[in-house]
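Below, chains carry the letters A, B, ... as their sequence lines are ordered, and counting in each starts from 1. Quick caveat: nothing in here was measured; it's all calculated off a predicted structure.
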There are 2 protein chains.
Amino acid sequence: MVFAREGFGRSTVEQVCEQAGFTRGAFYSNFTSLDELFLAIWEQRSEEMQSDLAAFLTQEPPPVTSLREAVEHVLSAVPLDDEWYRVTAEFTAHALRNPALRRVMAQREERIEAGLMPTLEALLARVGRRVIDPAALGPALVAVHDGTSVQCLIEPDNAAVLQRRTDLFVLLVTAHTVEADTDVTHTPPEETP
Amino acid sequence: MVFAREGFGRSTVEQVCEQAGFTRGAFYSNFTSLDELFLAIWEQRSEEMQSDLAAFLTQEPPPVTSLREAVEHVLSAVPLDDEWYRVTAEFTAHALRNPALRRVMAQREERIEAGLMPTLEALLARVGRRVIDPAALGPALVAVHDGTSVQCLIEPDNAAVLQRRTDLFVLLVTAHTVEADTDVTHTPPEETP
DNA sequence: TGTATCCGATACAGCTCTGTATCGGAAGGG
DNA sequence: CCCTTCCGATACAGAGCTGTATCGGATACA
């Protein structure tokens with residue numbers, strides 16, 4: 001992928017077309033800009049990753065008995081892809097400039113959360129944990145995922161970073177769940193008073 | 001700043017020079033690439049922000065009595081700067097491609113953590129909280145900061161996102177601190193067994 | 001004051017990318 | 001079988017950027 005090699009910003013229509021094996025004429029008759037092309041690619045890949053993950057998590061049997069194992073199990077299936085991170089991060093930064101793109105990004109995140117949370121809740125239920133407020137846990141997971149991904153990719157040989165990442169996820173999930181069959185009101189998630 | 005307007009990747013030496021009011025000749029006799037220039041800028045700005053924050057946090061009197069107030073107090077002084085985020089995110093993504101740049105980035109983060117943690121620990125001490133393991137809390141704070149910043153900037157009008165950000169920080173700090181004068185071993189931070 | 005050094009402005013030659021306009025050919029509908 | 005429509009390849013003209021090489025002037029130092 002040209003975007004990964006050159007960076008999204010430094011990629012040109014020419015390069016993309018050359019590497020993909022079609023002409024600039026073909027490009028311009030299908031897309032109006034690289035933004036549009038990339039959004040299409042992202043859309044596709046995003047759905048792939050999501051259904052892959054969902055499939056992995058619902059396969060029989062998920063060999064997890066503790067919350068920590070559940071977290072590790074999920075993380076083992078979330079690819080920490082250098083190239084992909086690089087491109088999406090850059091595009092996200094780029095999208096901040098454009099209100100329309102911002103909205104697209106916000107919707108994408110929402111859709112991902114909506115699609116994934118049920119699966120995660122089901123998995124957590126299997127280790128005896130009930131999510132208190134999925135609408136709060138979702139964004140937090142995304143934030144922690146994004147924030148720790150950079151750290152892991154910047155120090156790819158540092159196992160401690162990966163470890164801290166897992167710890168952080170465990171902490172987060174623990175705080176946002178209760179023992180199954182427990183009344184919510186007993187341990188409310190830490191929220192602004 | 002050209003980098004913010006055009007994106008780092010789409011910025012050219014020509015544009016940068018024109019806007020900064022010097023010629024390309026001047027640029028090439030001081031830097032070998034835009035990478036080099038941007039690193040210099042970042043270095044400078046990073047130190048500024050750090051000392052500004054430290055100054056703000058040690059000013060008399062910091063009117064905080066609870067952990068949550070302390071978190072809010074700190075966050076009120078951490079600028080959520082659209083343009084700056086955009087550029088640094090893009091550059092970080094770019095840096096992932098280059099081992100040398102990766103090392104520079106890792107060191108920068110380390111330096112920021114080292115410079116800031118003592119101040120934060122002092123502030124937390126004033127609300128009766130002792131940090132268990134600064135070396136674990138630091139990276140987690142950075143990750144959460146980065147991860148939630150995007151979310152806030154993508155939905156700048158959504159107060160709930162900001163709220164969740166604060167909640168997440170509170171959760172994190174709570175888990176990584178104990179009541180002052182308490183023995184560490186009573187409530188170890190959730191770490192990989 | 002003369003000389004050495006350095007910095008930065010200008011010029012140069014060449015390359016790459018852009019977006020559109022034109023044109024041929026394939027697919028589909030009547 | 002013809003006509004229309006659409007897609008994509010090619011051509012075109014223009015614009016912008018790159019990095020270097022050259023040269024003038026300022027500063028420093030003796």
If I take atom CZ in residue Arg10(A) and atom C1' in nucleotide dC17(D), what distance separates them, rounded to the nearest angstrom? 11 Å
Please list, chain by chain and in numerical order, all residues satisfying side-chain hydrogen bond (donor to acceptor under 3.5 Å, both in side chains) with Asn98(A), sequence neighbours excluded. none
Provide, to the nearest angstrom, the distance between the CD atom belonging to Glu36(B) and the P atom belonging to dG19(D). 13 Å
Just grab all the ring-ring contact (aromatic ring centres under 6.0 Å, His included) pairs involving residues 92-146 of chain A, residues at least two apart or on different chains. Phe8(A)-His94(A), Phe91(A)-His94(A)
Contact letters for nucleotides 8-24 of chain C, in which S counts primed atoms plus P, OP1 and OP2 and B counts the base, heavy atoms under 4.0 Å: BBB------SBBB----
Provide the full list of salt bridge (Lys or Arg N to Asp or Glu O under 4.0 Å) pairs with a residue in residues 75-96 of chain A, sequence neighbours left out, each pair given once. Arg45(A)-Asp81(A), Asp82(A)-Arg86(A)
Can you name the ring pair (Phe, Tyr, Trp, His ring centres under 6.0 Å) partners of Phe22(B), sequence neighbours left out? none
Just jot down the ring pair (Phe, Tyr, Trp, His ring centres under 6.0 Å) partners of Phe31(B), sequence neighbours excluded, or say none. Phe27(B)
